[in-house]
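For reference, the structure is listed below as structure tokens.
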2 protein chains.
Amino acid sequence: MLVFNLIFVLRLDFGIQLIANASMESIDTELAARIRKDIILGAYKEGERVSEAQLCEIYEVSRTPVRLALRLLEREGVIRRGEGRGYRVQSPTVEDILQAVEVRGHLESLAARLMAQRRGRADHLPKMALAIERIDAAIGELASLGGLDESVVRRAQAANKVFHTTILSACANDYVGYTCEQISHLPMLAVGSMVFDRTVGDTPDRFQRGLFRLRLGNAQHQVIFEAIEKGDPVRAEGMMREHSHTMVEYIQTFEKRDESLTVADLVAYSATESFSPNS
Amino acid sequence: MLVFNLIFVLRLDFGIQLIANASMESIDTELAARIRKDIILGAYKEGERVSEAQLCEIYEVSRTPVRLALRLLEREGVIRRGEGRGYRVQSPTVEDILQAVEVRGHLESLAARLMAQRRGRADHLPKMALAIERIDAAIGELASLGGLDESVVRRAQAANKVFHTTILSACANDYVGYTCEQISHLPMLAVGSMVFDRTVGDTPDRFQRGLFRLRLGNAQHQVIFEAIEKGDPVRAEGMMREHSHTMVEYIQTFEKRDESLTVADLVAYSATESFSPNS
DNA sequence: GACAACGATTTAGGATCCCAAACTGGTTCG
DNA sequence: CGAACCAGTTTGGGATCCTAAATCGTTGTC
């Protein structure tokens, strides 16, 4: 049973690729990921601060990788290099998350449309069908278990990510996937992330509602799949938009319910894992 | 009269801001812009090459700013840091341009929808109305002149850019504009760019067709404006999509006509100007 | 007492140095 | 004759040093 403090976000991490990145990529990229993580988790306050020397001490590296990392983070928007001599931390807010999710969803809907228009789309359909099947199987397992099981949820996450990334990569427009990655630095913004309410595990009623959300999501997957299969761009795009909007609404609902919702709460779970640097 | 080699692209440059950037920003950012420009213009071939030391000599700087610039360019995707020890140049193709324009257009349509949904949108409407008026005036001038005048075209470009950037900034979702900027490193991808056929100035007939394109584009602006004013998100989005798609179709038409179309041709005009580094 | 100017310290940018890893060449052994 | 290994050179990554600029504090003068 998984019960977390406010909302917990589970992500698929593509373990192999991650390890490869973590060891292959030079320190600066990894360092950027670490600093980003700390900023998101609130280790640095919103306002103005952080100097290169300061970061050198904290992360025990020289100034060179720090500066390389800062350029990257500046480009990402999590820090700003302003007027004077200082770097200002620009930690993302819940509103930022919502906006980014909205943009990502919109891009995914473009991907769905493009894929539905594409001739070679049939090649990628089996992978999507398999993903839908796996999510269904996972939902079935959860339903019979009557509670959340981490490994089952992880499998569902993995399949969910496969479904979404397949569309992004099969849409024949590299910039869609690329652009999506650009705004997916925040952990819960990774393509194919699923967000759960902390209360999902609390009572049977809430658990059933969580299951319903999963079933609804996968039904949307099925519709998107069929629309792409049939070559119906309008329906594929519309359904994907609706599908993406589900997450926005869910967070908004939760935000209204709990006014103290912070970004750190949103990443409460995924923070304990290693982050996917970029890729 | 402006007559260029294949296609010429005119861009508004926000002169003041540009100058501020060029002098304010540190060398690495500017260096990244220079290298990017050279890559786009084909100074470096597509395949695998370039070393840090080599770039140091060419641009007469130390290795530190070169490496900072390379990280930026890597993030942008114009170079790739691969397997072995080398940086590979990944110069964009015409297909890349088309894909990027498609993505940008889709994001702009999102911005139009969001702005149409927004309550405070009225504040920004006058600026858009003025832009439409100015474009109309410029078209009128061009029509009465019977040919292309650089300053008039520039004014039209400026107004066009104002129209588009106003929507992007007024949509109340910072990530839309931010994401747009990310893919706007290529000069002809700057928001609000207008693309002209080199043949526009050749014959009166072609000139009239060019005028027709401008009039059509501004009519679309008017429709978008009214849709946003009335708060019709669906229409605003749809019209913006159509508007954005115009450029894609135009380049595609031209690509079919002239198979040797290269990216360097696309930037033939704007390359002579200073590039907008980022911002 | 207040304001301005000058100096000291902080800080970011650029350059150089060092090192580690990988590619290239040649040579040697099977 | 081919393959593998070893050495040398190339190249990228990290650290340190230097410099320029900006901010803050102090002091002097009005």
Side-chain angles (χ1 to χ4, degrees), chain A residues 19-36 38-39 43-45 47-90 277-279, chain B residues 19-36 38-39 43-45 47-90 277-279:
Chain A
I19 291 161
N21 272 341
S23 58
M24 286 281 292
E25 290 288 331
S26 46
I27 291 183
D28 52 20
T29 315
E30 200 186 338
L31 181 65
R34 280 207 289 165
I35 297 176
R36 188 192 309 129
D38 290 344
I39 288 176
Y44 306 98
K45 318 288 177 305
E48 170 167 356
R49 279 176 303 116
V50 297
S51 73
E52 291 184 0
Q54 175 189 348
L55 293 170
C56 288
E57 281 185 26
I58 295 174
Y59 300 98
E60 292 173 344
V61 284
S62 179
R63 281 187 50 209
T64 308
V66 167
R67 284 169 54 197
L68 289 166
L70 286 177
R71 289 300 178 293
L72 259 45
L73 295 173
E74 184 195 7
R75 181 60 57 109
E76 288 174 23
V78 296
I79 62 159
R80 296 213 181 247
R81 191 168 39 147
E83 331 304 324
R85 296 284 107 211
Y87 293 96
R88 293 197 303 275
V89 173
Q90 188 94 9
N278 41 15
S279 100
Chain B
I19 291 160
N21 272 341
S23 56
M24 286 282 291
E25 290 288 331
S26 48
I27 290 183
D28 53 18
T29 315
E30 200 185 339
L31 181 65
R34 281 206 289 164
I35 297 176
R36 187 192 309 129
D38 291 343
I39 288 177
Y44 307 96
K45 317 287 177 305
E48 169 167 357
R49 276 177 303 115
V50 300
S51 73
E52 291 183 1
Q54 175 189 346
L55 294 171
C56 289
E57 283 185 24
I58 296 173
Y59 300 99
E60 292 172 347
V61 285
S62 180
R63 280 184 55 205
T64 308
V66 168
R67 285 170 55 195
L68 289 166
L70 287 178
R71 289 302 177 293
L72 259 45
L73 296 173
E74 185 195 5
R75 181 57 59 109
E76 288 174 23
V78 296
I79 62 160
R80 296 213 180 245
R81 189 168 41 146
E83 332 305 325
R85 296 283 105 213
Y87 292 96
R88 294 197 303 275
V89 174
Q90 188 95 9
N278 42 12
S279 100

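In this text, all values refer to a predicted model and were calculated from it rather than measured experimentally.
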* B:R67 vs D:dT11: side-chain N/O to OP1/OP2 distance below 4.0 Å -> no
* To do: Check whether any side-chain heavy atom of A:D28 sits under 4.5 Å from a side-chain heavy atom of A:L72, and report yes or no.
  => no
* Structure fact -> B:R71 CZ to D:dG14 P, in whole Å, measures 7 Å
* Are A:S62 and D:dG14 close enough that a side-chain N or O sits under 4.0 Å from OP1 or OP2? -> no
* To do: Remember a base hit wins even if backbone is also touched, and classify B:V50 as base, sugar-phosphate or nothing at under 4.0 Å, heavy atoms.
  => sugar-phosphate
* Asked: B:E74 has an atom CD; how far is it from atom P of D:dG13, in whole Å?
  -> 9 Å
* Interatomic distance, B:L72 CG vs C:dG13 C1' [rounded to whole Å] -> 15 Å
Identify all pairs in which a protein N or O lies below 3.5 Å from an N or O of nucleotides 7-11 of chain C, and state each distance.
residue: C:dT11; atom: O3'; partner: A:R85; partner atom: O; Å: 3.3

* To do: Rounded off to whole Å, could you give me the CG-to-P distance for the B:L68 and D:dA15 pair?
  => 14 Å
* Should A:Y59 and A:I35 count as side-chain neighbours, where that means a heavy-atom distance under 4.5 Å? -> yes
* Distance in angstrom units between A:E30 CD and D:dG14 C1', rounded -> 14 Å
* Using a 4.5 Å cut-off on heavy atoms from C-beta on, say whether the side chain of B:V61 contacts that of B:E30. => no
* Could you check if a side-chain atom of A:R75 sits within less than 4.5 angstrom of a side-chain atom of B:E76, using non-hydrogen atoms only? => yes
* To do: Please evaluate the base of C:dG13 for a donor-acceptor partner in the side chain of A:R81 within a cut-off of under 3.5 Å?
  => no
* To do: Indicate yes or no: at least one non-hydrogen side-chain atom of B:R34 is less than 4.5 angstrom from one of B:L31.
  => yes
* To do: Would you mind reading off the distance between A:E60 atom CD and D:dA15 atom C1', rounded to a whole angstrom?
  => 15 Å
* To do: Please state how far atom CZ in B:R88 lies from atom C1' in D:dG12, giving the value in whole angstrom units.
  => 15 Å
* From C:dA12, D:dG13, D:dG14, pick the nucleotide closest to the side chain of A:R63? -> C:dA12
* To do: Might you point out which heavy atoms bring B:L68 and A:R67 nearest each other, and give the distance in Å?
  => CD1-NH2, 3.7 Å
* Asked: Can a side chain N or O of B:T64 be found less than 4.0 Å away from OP1 or OP2 on C:dG14?
  -> no
* **Check: A:L70 and A:E52 side chains under 4.5 Å, non-hydrogen atoms** => yes
* To do: In whole angstrom, give the distance that lies between atom CG of B:L55 and atom P of D:dT11.
  => 12 Å
